[in-house]
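Here is how names work: the chains are called A, B, and so on, in the same order as the sequence lines, proteins then strands, and each is numbered from 1.
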Amino acid sequence: MEGILNQLPIGLSIGAVLLLIALGLTFTFGQMGVINMAHGEFIMAGAYTAYLLQDFADRNAVLVALPVAFLVAGLMGLILERTAIRHFYGRPLDTLLLTWGVSLVLQQVARDLFGAPNVQVLSPTWLQGALGPMPYNRLFILLLAVGSVVAIWVYMNRSAQGRRMQAVMQNRQLAATSGINTGRVDQRTFFIGSGLAGIAGVALTLIGPVGPTLGTYYIVDAFLVVVAGGLGQLRGAVIAALALGLLNSYAEFWTNASLAKVIVFAVIIAFLQFRPQGLFVLRSRALT
Amino acid sequence: MTALLEVRDVSVVFDGFRALDGVNFTVDNGELRFLIGPNGAGKTTLIDIITGLTKPTTGTVRFDGAVVNGKREHQRVRLGIGRTFQTSVVFEELTVLENLDLAASFRKPLVSLLTRRRGVTEKVAQALETTQLTDLASRKAGVLSHGQRQWLEIGMLIAQGPRLLLLDEPVAGMSSEERVRTGDLLTEIAKDHTVIVIEHDMDFLRRYASTVTVLHEGKLLIEGSVDEVRADPRVQEVYLGRAREEAAHDVVS
Amino acid sequence: MLSVDSLEAGYGRARVLFGVGLAVEPGQLVCVMGRNGVGKTTLLNTIMGVIPATGGTVTFEGHDVTKMKPHERVKLGMGYVPQGHETFPQLSVLGNLLVTLEASGNPQSALDEALDVFPRLKPLLKRRAGFLSGGQQQQLAIARALVTKPKLLILDEPTEGIQPSIIIEIEEAIETLHASGIAVLLVEQYLDLAMRLADRYLILDGGHVVHAGTAADLQGEEARKLLAV
Amino acid sequence: MTATLEKPPVTEAPVKEPRDWRGPALFALVAVIGLVVMPLVLEPFRLGLLAKYLTYAIVALGIGLAWGQGGMLTLGQGVFFGLGGYAMGMHLKLNDAGDGLPDFMVWSGVETLPALWEPFRNPVFAIAMVVVVPGAIAWLLGTLVFRQRVRGAYFAILTQALAAAMVILLVGQQGLTGGTNGLTNFFEFFGQDVAADSTQRGLYFTVAIVLGILFVGAWQLQRSRFGRLLLAVRDGEDRVRFLGYNPATVKTITFTLSAVMAGIAGALFVPIVGIISPALLGVVPSLELVVAVAIGGRFALAGAVLGAILMGYAKTYFSEELPDAWLYLQGALFILVIGLAPKGIIGILGSLRRKKEVAA
Amino acid sequence: GEPTESTTGGGAAAGGDTIKVGLLHSLSGTMAISEVTVRDAELLAIEEINAAGGVLGKKLEPVVEDGASDWPTFAEKANKLISQDKVATVFGGWTSASRKAMLPVFERHKALLWYPVQYEGLESSPYIFYTGATTNQQIIPGLDYLKEQGKTKIFLVGSDYVFPRTANKIIKAYAAANGMTILGEEYTPLGHTEYSTLTNKVVQAKPDAVFNTLNGDSNVAFFKQLKSAGVTAESMPVLSVSVAEEEVTGIGVDNIVGHPVAWNYYQTTENAANTKFVAAFKAKYGAAKVTSDPMEAGYNAVYLWAEAVKKAGTTEVEAVKKASGGIALERPEGLVTIDGETQHMYKTARIGIIQPDGLIKEVWNSGEPIKPDPYLKSYPWAGSLAS
Ligand SMILES: Nc1ncnc2c1ncn2[C@@H]1O[C@H](COP(=O)(O)OP(=O)(O)OP(=O)(O)O)[C@@H](O)[C@H]1O
Ligand SMILES: Nc1ncnc2c1ncn2[C@@H]1O[C@H](COP(=O)(O)OP(=O)(O)OP(=O)(O)O)[C@@H](O)[C@H]1O
Ligand SMILES: NC(N)=O
Ligand SMILES: [Mg+2]
Ligand SMILES: [Mg+2]
């Protein structure tokens with residue numbers, strides 16, 4: 001019984017992890033229509049940032065690393081956007097393949113820079129311990145996820161930049177002829193989306209391996225969250241992440257880890273039967 | 001004449017906004033009916049409901065006596081309901097000819113689609129000629145201008161050979177000459193088909209319309225002859241505006 | 001104020017414009033006419049920088065803008081209402097106007113002025129633009145261009161799909177703007193409307209300017225033939 | 001004006017479409033190279049590798065059809081490849097085992113042959129399953145998702161998840177499927193020693209001919225009205241409904257065809273390479289093939305085939321010659337081709353040809 | 001199939017003035033993490049042997065191929081090394097899956113594979129030499145150790161593939177015969193990183209100890225999450241059989257300190273051969289590098305093969321096989337002897353405890369090298385396992 005009860009916070013915390021890794025993806029997909037397969041590698045970059053900062057910040061590297069990783073991953077995203085992705089707006093499926101190539105290269109770069117084996121990132125001593133069944137580091141991730149969601153929501157819906165971002169996504173040509181510098185908006189959007197991956201990367205050092213293939217472990221799950229939530233829908237991503245987290249937690253509790261993954265997939269297909277565009281859909285009158 | 005299309009008590013609500021509000025609308029076999037009304041009155045929405053693109057919140061749509069609510073878009077096309085779109089949608093990667101050919105072939109069984117198109121069928125040739133797109137037949141539809149697309153849409157509708165044709169602002173963006181051409185064509189088609197046309201061009205209306213239905217804020221405002229409708233003060237108030245428009249158009253015609 | 005010189009443009013290998021020249025003087029209203037597919041929209045798009053010019057120049061108020069990005073042209077005072085009632089579909093009507101206002105850096109009053117020109121938009125401010133009817137969207141599109149306080153307003157078939165009474169309003173609005181000194185470049189299919197509004201006109205055919213003159217000339221047989229009225 | 005509605009006597013096509021012999025000629029040339037030249041010049045090991053690339057080319061052909069023509073980006077084609085492969089592998093294992101159990105069942109502690117395996121003793125059944133199982137799964141998935149208008153990126157990500165889930169499922173059922181190891185260590189292929197040079201040569205011819213037949217079939221399909229319809233669905237699914245067609249049917253049929261092709265390819269892969277394992281079904285190999293198609297040129301079926309063969313070859317070549325740089329090269333290749341030549345190699349060739357024609 | 005003339009293993013490679021040997025490990029993909037270090041150790045051995053004059057007067061020439069963490073690729077590259085490069089022997093593989101994929105290739109071509117990693121046993125190919133531990137040299141000593149410590153209620157955690165599943169089958173048979181109870185058995189896919197649910201299950205079951213057969217990156221996530229759930233080496237020791245010095249760094253010493261592991265070699269193992277090995281390895285690859293059991297087993301493999309070639313006077317496979325039986329060398333892990341019958345090694349089992357400095361301290365060993373028994377024929381309780 002206690003086991004079953006424990007699964008509730010565990011499910012929430014799994015959901016928080018899913019949310020954090022999917023957030024940047026939701027953002028870049030929702031705002032730019034880019035399916036960024038290199039998102040996982042930006043997460044990895046965030047994790048390695050925490051690793052490198054240990055030399056300066058010791059055990060509190062994780063805290064220092066949050067803003068730095070946001071910048072590092074954001075800059076990587078910016079470079080990717082400027083050099084490649086900007087030629088692909090409106091062709092999401094091509095960006096998927098392109099960024100997959102980028103992700104392969106980045107993995108190899110990491111392997112050459114940091115070596116193939118995992119590296120060690122020690123978590124802060126003040127994150128050791130637990131609040132009931134909820135370890136502090138999981139709680140930290142949950143708070144981080146909540147904070148990021150709120151920040152993005154405010155940015156998107158309450159700021160001029162956020163509105164400009166939406167305008168460019170919805171009608172690029174019109175935005176340009178309305179006086180919006182679409183190039184700058186694209187850069188900013190991709191910077192933020194990638195930066196969020198960096199933050200996720202730092203958080204993941206608390207609970208998982210830090211190595212060149214780190215990103216590959218999370219990318220499929222992140223995509224599922226994005227799909228189930230409705231591409232690019234912030235509230236959809238939040239609900240989908242938490243729901244999938246809980247589903248995963250209970251499915252694994254009653255069966256096993258392998259079957260749980262299969263169950264999650266089956267549930268998502270079934271779910272799309274009722275909501276083919278995910279939880280929340282941007283409706284439009286336009287035909288496609 | 002019998003009613004081909006019967007719309008009964010149709011309402012549709014989008015996020016609390018009532019786009020159509022208890023509309024009753026009947027069109028007889030062989031009629032050429034014009035549908036007008038202010039921007040946002042619900043004209044396109046009504047056509048969307050008839051063709052299955054939008055589901056009504058309440059009410060029924062009957063075609064040829066049978067209720068079509070719940071039927072999917074392509075099933076309604078198979079019953080003989082065809083339409084064009086206010087913003088024309090054509091297949092840009094296909095040639096003009098192929099666009100028309102696809103429109104003309106939907107009644108063929110699926111297996112027979114596995115063969116190549118050889119030459120041009122009568123229906124398609126006719127549509128090409130009618131729309132004067134013969135010269136552009138082998139061009140990809142993606143290169144067509146706004147107005148050319150509009151024609152292609154009309155051509156596809158003709159090639160489809162439906163019993164009921166619904167045209168959403170077919171002459172928008174057309175030159176005066178083309179308006180005349182379209183008007184003549186619609187009159188011709190209406191001889192043995194039923195046609196519903198949404199249009200804002202009063203000049204066009206006056207020349208080609210007999211019965212006109214006016215929608216306003218999701219409700220049926222008035223139905224009658226062009227002159228009746230034009231004379232109605234409510235229509236003038238919400239739709240036509242002051243008399244200057246009259247005077248202006250008279251100069252040209 | 002706007003001067004277009006031997007402009008060439010096209011799509012991929014297909015050339016559409018062949019050395020088009022035109023000029024809009026300050027405060028003038030110039031109307032571009034021509035049959036479907038002759039290149040009117042292409043011309044406007046090239047003037048706005050949506051399509052790159054493959055030859056020729058576009059000069060605006062003494063600046064050579066031929067190579068500029070669209071948003072830079074807007075900054076200089078060119079306002080554009082593209083064909084086909086374009087909007088930012090997921091933004092509200094207000095959002096559509098605000099985003100342009102913010103990008104232009106104009107004060108709130110610019111927005112109010114634009115709404116005064118199209119009072120029918122006021123009750124719709126909270127609605128999503130993508131769900132508006134075609135005519136409502138077109139009014140929004142013009143209002144959005146006005147918010148940038150353009151010196152030159154470029155309109156591509158603004159009356160297409162608009163109900164008669166609003167056509168009159170749009171016409172009046174264009175007249176008012178014109179009277180207030182804003183230059184206008186207008187593509188219009190309604191000959192009568194064009195005649196009422198235009199100071200000058202030009203007729204395009206096959207990507208060439210085949211006729212140009214003052215409004216009075218439009219009555220001429222030749223012009224009517226070219227437009228196939 | 002009124003004349004247009006009277007029936008004009010149309011007998012001749014106003015648009016002349018002269019028969020183009022360049023395509024068939026090129027096909028014949030490639031066939032000669034493939035069936036005569038390659039077997040003569042390549043040593044057995046290399047011929048075996050080429051045979052493997054050709055199985056990839058069959059999968060790619062299906063992807064070209066589903067994605068290039070139909071707009072369905074399927075990132076789970078490995079699943080169908082794998083299912084075809086497993087069907088064949090199960091038969092070969094049973095055949096080798098005779099009355100006993102396949103080796104992996106022994107070390108997995110399985111004592112009696114699972115019922116699922118029993119019918120695979122029959123070669124006809126096994127070969128039927130190569131086609132039926134991938135086809136049925138694709139058809140089911142297609143019916144479910146296309147009817148609900150799941151498309152574009154949703155579909156892509158769903159198929160990707162399907163691949164991920166399938167791998168986990170197969171790995172988790174070690175006693176039934178051989179787990180991560182998959183099925184390997186085959187001896188006999190329909191009475192032949194599977195590793196013998198002559199068998200491998202025969203397999204090469206088989207896969208080459210199968211590819212040829214499927215290619216011609218897919219090509220005809222592409223040129224048929226159905227092919228046009230498929231393009232229309234790709235570019236405007238909603239509009240197609242208003243032409244009276246059900247896009248879900250069109251998509252489901254095409255997706256099923258592509259799955260069947262992948263299944264056939266998987267079945268041929270097994271005797272050629274000697275192993276089928278869950279890793280081959282996963283996200284990465286599926287993606288790799290899609291990228292190969294993109295590189296070759298997804299809008300042309302020949303591009304898809306070319307891409308798969310080139311990619312297979314490049315992978316072998318670079319991993320042999322420059323093992324350390326291989327991943328960089330692979331990544332850079334994707335980025336460059338997809339970035340600079342969105343229509344792939346075929347697209348480049350096409351525009352070169354047009355340039356020449358323009359110049360001439 | 002009948003090997004054709006050109007593919008007869010071994011002979012051809014000795015033709016020139018070098019002898020080609022193949023090194024086939026994953027240099028990319030998930031397994032690269034582990035396998036690259038094994039290749040490095042093998043390259044070190046080749047360099048040392050060459051420096052000492054080579055084999056049969058010829059220098060060894062390594063041909064390196066990438067198995068790319070993909071089993072069919074292992075088969076393909078093995079084929080390539082044998083038929084194209086005509087190498088005298090191949091050192092390669094890590095996962096059992098890669099070995100199973102390569103096995104038919106080596107058997108067909110009658111060529112030799114040296115496989116350097118501990119594995120699940122129940123196999124004895126005539127064309128493979130197994131230089132890592134089989135189950136009776138690692139798993140069973142590990143269980144003996146737990147039993148000795150009074151840990152009788154055990155929870156099994158493993159990656160979902162053949163090695164952990166087979167290992168756990170053996171463990172369950174052992175437990176049944178030795179009065180231990182198995183409280184649970186859980187598998188996660190390779191590369192799995194979410195262990196909070198599994199941790200909850202383990203904690204709820206309240207075992208005395210966990211027997212861990214997770215492989216690769218999953219170990220990092222598992223130990224990190226176990227630690228944050230409050231599990232310590234004191235409250236619930238986790239005995240791992242696939243966590244060596246290399247992995248400890250990645251896991252974070254904090255998270256695993258004090259937990260036991262079972263292997264045949266540690267960097268801290270004290271003997272002259274190891275002092276030399278560790279020094280040479282650090283000199284070649286950097287002082288920060290650690291050595292581990294699979295690396296040592298790979299390093300040994302090269303020496304053992306070279307010794308057998310010397311004894312046979314040829315690289316010809318059948319001769320090498322015949323000469324190999326009984327070869328005994330002092331290696332970093334102690335005395336290693338080739339068992340000619342099974343082609344496995346006599347190895348000393350060692351239990352170690354992970355230290356705060358990331359190295360492993362031996363706390364127990366089997367005293368003498370244990371005779372390899374891949375089919376566990378000498379264990380009565382294991383009778384049903386190897387049919
Ligand atoms: N999907 C939708 N969601 C929300 N509101 C909608 C939707 N579709 C239509 N509407 C609203 O319903 C009303 C009617 O729209 P409709 O397009 O039918 O008008 P119309 O009569 O065709 O106008 P126009 O002449 O301008 O084309 C409009 O106010 C529009 O905003
Ligand atoms: N995206 C495009 N790609 C290729 N060709 C195009 C494209 N857009 C337009 N064209 C071609 O360029 C020519 C001019 O088109 P344009 O849209 O400028 O015409 P228009 O004069 O605005 O016509 P309309 O009155 O119908 O709007 C047309 O013949 C059209 O076929
Ligand atoms: N043999 C192993 N560890 O797979
Ligand atoms: Mg409308
Ligand atoms: Mg135009």
Side-chain angles (χ1 to χ4, degrees), chain A residues 1-7 9-11 13-14 17-18 59 104 107-108 111 115-123 125 127-130 133-139 204-214 216-218 221 245 248-254 256-262, chain E residues 26-37 69 157 159-160 184-201 203-205 216-230 245-255 285-286 288-290 292 358:
Chain A
M1 192 57 216
E2 190 196 339
I4 295 178
L5 282 182
N6 281 354
Q7 286 305 118
I10 286 174
S13 81
I14 297 175
V17 174
L18 288 174
R59 289 204 156 238
L104 288 182
Q107 280 175 39
Q108 192 59 27
R111 215 168 268 135
N118 290 311
V119 297
Q120 165 168 285
V121 180
L122 297 173
S123 58
T125 31
L127 278 181
Q128 291 170 7
M134 189 79 145
Y136 285 145
N137 56 16
R138 291 271 178 175
L139 212 54
L204 289 179
T205 62
L206 296 173
I207 57 169
V210 182
T213 45
L214 175 138
T216 59
Y217 298 144
Y218 297 98
D221 285 344
N248 207 310
S249 138
Y250 281 100
E252 182 174 341
F253 186 74
W254 278 308
N256 59 55
S258 303
L259 261 183
K261 289 217 153 200
V262 178
Chain E
S26 298
L27 311 180
S28 57
T30 27
M31 290 311 298
I33 291 176
S34 309
E35 293 191 57
V36 167
T37 61
S69 309
V157 175
S159 293
D160 202 350
E185 180 180 1
E186 291 284 335
Y187 297 94
T188 61
L190 276 168
H192 193 67
T193 53
E194 181 52 79
Y195 282 91
S196 45
T197 301
L198 194 144
T199 302
N200 186 31
K201 284 190 190 177
V203 170
Q204 296 300 320
D217 291 4
S218 291
N219 276 307
V220 181
F222 178 58
F223 278 103
K224 279 189 178 176
Q225 294 171 32
L226 204 61
K227 167 86 184 300
S228 61
E245 287 85 344
E246 188 70 57
E247 284 77 22
V248 170
T249 327
I251 292 168
V253 179
D254 264 23
N255 300 309
Y285 297 109
K289 293 278 195 259
V290 290
S292 68

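Between E:Gly252 and A:Gln120, the shortest heavy-atom contact is CA-OE1, 2.9 Å. Minimum interatomic distance between E:Glu194 and A:Val17 (heavy atoms only, all atoms of both residues): OE1-CG2, 4.5 Å. Taking every heavy atom of both residues into account, E:Gln204 and A:Asn6 meet most closely at NE2-ND2, 3.1 Å. Counting all heavy atoms, side chain and backbone alike, A:Ala257 lies closest to E:His192 at CB-NE2, 4.0 Å. For the residue pair E:Lys224 and A:Gly208, the shortest heavy atom distance occurs at NZ-O, 2.8 Å.
Between atom CG of residue E:Asp254 and atom OG1 of residue A:Thr125 there is a gap of 9.0 Å, rounded to the nearest 0.5 Å. Note that CG of A:Leu204 is 7.5 Å distant from OG1 of E:Thr193, once rounded to the nearest 0.5 Å. Rounding to the nearest 0.5 angstrom, the gap separating the CD atom in A:Glu252 from the OG atom in E:Ser196 is 7.5 Å. With values rounded to the nearest 0.5 angstrom, A:Arg138 atom CZ is found 4.5 Å from E:Gln225 atom CD.
At a 4.5 Å heavy-atom cutoff, the contact between A:Ile14 and chain E is made by backbone and side-chain atoms alike. Only the backbone of A:Leu206 comes within less than 4.5 Å of a heavy atom of chain E; no side-chain atom from C-beta onward does. Proximity to chain A is absent for every atom of E:Val203, based on heavy atoms less than 4.5 angstrom apart.
Note: A:Ser249 leads A:Ser123, A:Ala260, A:Ala130, A:Ser249 in heavy-atom pairs under 4.5 Å with chain E. Heavy-atom pairs under 4.5 Å with chain E were tallied for A:Tyr218, A:Tyr136, A:Tyr250, A:Tyr217; the largest tally goes to A:Tyr217. Taking E:Asp160, E:Ile251, E:Thr197 one by one and counting their heavy-atom pairs under 4.5 Å with chain A, the maximum is reached by E:Thr197.
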Determine, stepwise, if the pair E:Val220 / A:Val210 fulfils side-chain contact (heavy atoms from CB on, under 4.5 Å).
CA-CA 8 Å; E:Val220 181; A:Val210 182; over 6 Å; no

Could you walk me through whether E:Glu186 and A:Asn256 pass the side-chain contact (heavy atoms from CB on, under 4.5 Å) test, one step at a time?
CA-CA 7 Å; E:Glu186 291 284 335; A:Asn256 59 55; 3.8 Å; yes

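At a cut-off of 3.5 Å, with distance as the only test, no side-chain donor of A:Gln128 or E:Ser228 sits close to an acceptor on the other residue. Checking E:Asn200 against A:Gln7 by side-chain atom types alone, a donor-acceptor pair falls below 3.5 Å.
E:Asp217 places a side-chain heavy atom less than 4.5 Å from the side chain of A:Thr213.
A 6.0 Å sphere centred on NZ of E:Lys227 holds more than 12 heavy atoms belonging to other residues, nucleotides or ligands.
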